[in-house]
Amino acid sequence: MPDCASCFLFQLESENDACLQTNRPGGLELTRKAIDLCGLPSRSSILDVANGTGASLDYLTKEKKYKAVGIDNSFQILKLGQKVRPGLVRIQADCRQIPICSTSQHCVLMECAFALSGGSDGALSEFSRILIPGGKLIISDVYIRELIDPRGLECLSGTICLSGVVTEQIVRKQLTKFGFEVITWQEHTLLLKKWLAQMVFKLGSLDKVYRHLAHTDEETKTLIYGLGHQIKLGYYLLIAQKT
Amino acid sequence: MSEPHPNAKKSQWVCGKCGSPLETASINVSYLGSGYPVELLVCKKCNRPLVPADLALGKMLEVEKLMEDK
């Protein structure tokens with residue numbers, strides 16, 4: 001899983017720009033919506049996976065009064081989070097090896113990082129292990145909304161954080177495989193578009209935004225063509241229940 | 001907020017409606033319910049901003065295409 005601390009887009013967040021406080025489509029508003037949909041009792045245990053600087057973790061702990069713990073792979077991000085949002089419980093860990101007891105969590109939250117983690121079997125296996133039966137898994141992330149030309153998939157493989165992006169059908173299959181039942185799937189592509197539009201105004205053009213998502217100039221060109229002609233990306237919020 | 005537009009730094013422009021000189025101000029450009037802050041030359045009397053062609057045909061056009069899936 002790439003270290004978001006090395007990403008230029010993350011550095012923008014560090015500038016405390018209001019629109020990038022949570023550095024993802026929908027921001028904290030979408031988090032609130034997801035948590036409300038789950039209807040968790042107070043003092044529920046929640047694990048915020050890839051918690052970044054801890055905006056959601058702060059909300060879950062201080063506003064919602066949940067027993068919330070955040071994990072992130074990046075020491076740099078955790079260190080920054082400790083500085084800007086102190087007093088929260090954070091662990092440096094990989095989502096494929098979570099240092100938390102089995103059957104101990106009422107909810108797992110993963111925002112804008114499922115594809116980044118490879119949407120991997122390892123992560124879902126861990127989420128299933130730590131959740132209680134009936135526990136909720138909340139995921140919001142980018143997905144392939146429309147695949148116009150399958151050759152366009154190549155444009156994603158050269159990116160830093162979009163290489164694991166898949167279709168809704170594949171996300172659902174992955175969840176079913178690990179014993180989850182999707183109880184809510186919401187389409188939030190407009191939030192992705194709004195986020196990208198904010199970045200266009202911030203950085204100057206869509207091409208410049210894409211440049212920060214790819215490793216090289218050549219991969220950026222492929223990405224620009226692919227997202228312009230072969231693939232349409234979308235954004236979703238899902239809530240799944242451990243069966 | 002984005003960088004001030006180059007035209008926003010010098011104010012040789014006057015308002016076509018009232019003749020007042022334009023001044024730099026932060027404007028919230030909105031489209032389909034989303035707002036994006038940008039510094040533009042504005043008539044303080046009429047509240048009308050000057051939208052330079054490169055902004056209209058650059059960022060604004062890109063955002064329009066993005067939002068409308070074009």
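Labels below follow one simple rule: chain letters A, B, ... track the order of the sequence lines, proteins then strands, and each chain is numbered from 1.
In this structure, A:Gln169 places its CD atom where only 12 or fewer heavy-atom neighbours from other residues, nucleotides or ligands lie under 6.0 Å away. Counting heavy-atom neighbours within 6.0 Å of A:Lys232 NZ, excluding the residue itself, gives a total above 12. Remark: A:Glu154 CD is loosely packed, at most 12 non-hydrogen atoms of other residues, nucleotides or ligands lying under 6.0 Å away. In B:Lys70, the NZ atom is crowded: over 12 heavy atoms of neighbouring residues, nucleotides or ligands sit closer than 6.0 Å.
Contact annotation for residues 42-49 of chain B against chain A (heavy-atom separation below 4.5 Å): no residues qualify.
A donor-acceptor pair is defined here as one N or O able to donate and one able to accept, closer than 3.5 Å; such a pair exists between the side chain of B:Lys59 and the backbone of A:Phe201.
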* Are B:Lys65 and A:Leu206 close enough, and set up right, to give a side chain to side chain contact (heavy atoms under 4.5 Å, CB included), and what steps lead you there? -> CA-CA 11 Å; B:Lys65 285 180 179 173; A:Leu206 199 53; over 6 Å; no
* Decide side chain to side chain contact (heavy atoms under 4.5 Å, CB included) for A:Leu196 and B:Glu62; before the verdict, give the C-alpha distance in whole Å, the side-chain angles of both, and the deciding distance to 0.1 Å. => CA-CA 10 Å; A:Leu196 279 168; B:Glu62 274 205 316; over 6 Å; no
* Does the side chain to side chain contact (heavy atoms under 4.5 Å, CB included) test come out yes or no for A:Leu190 and B:Met67, once each step is laid out? -> CA-CA 7 Å; A:Leu190 186 60; B:Met67 299 298 279; 4.0 Å; yes
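Of the two parts of A:Lys194, the backbone and the side chain both hold a non-hydrogen atom closer than 4.5 Å to a non-hydrogen atom of chain B.
Closest heavy-atom contact between A:Ala197 and B:Leu66: N-CD2, 3.5 Å.
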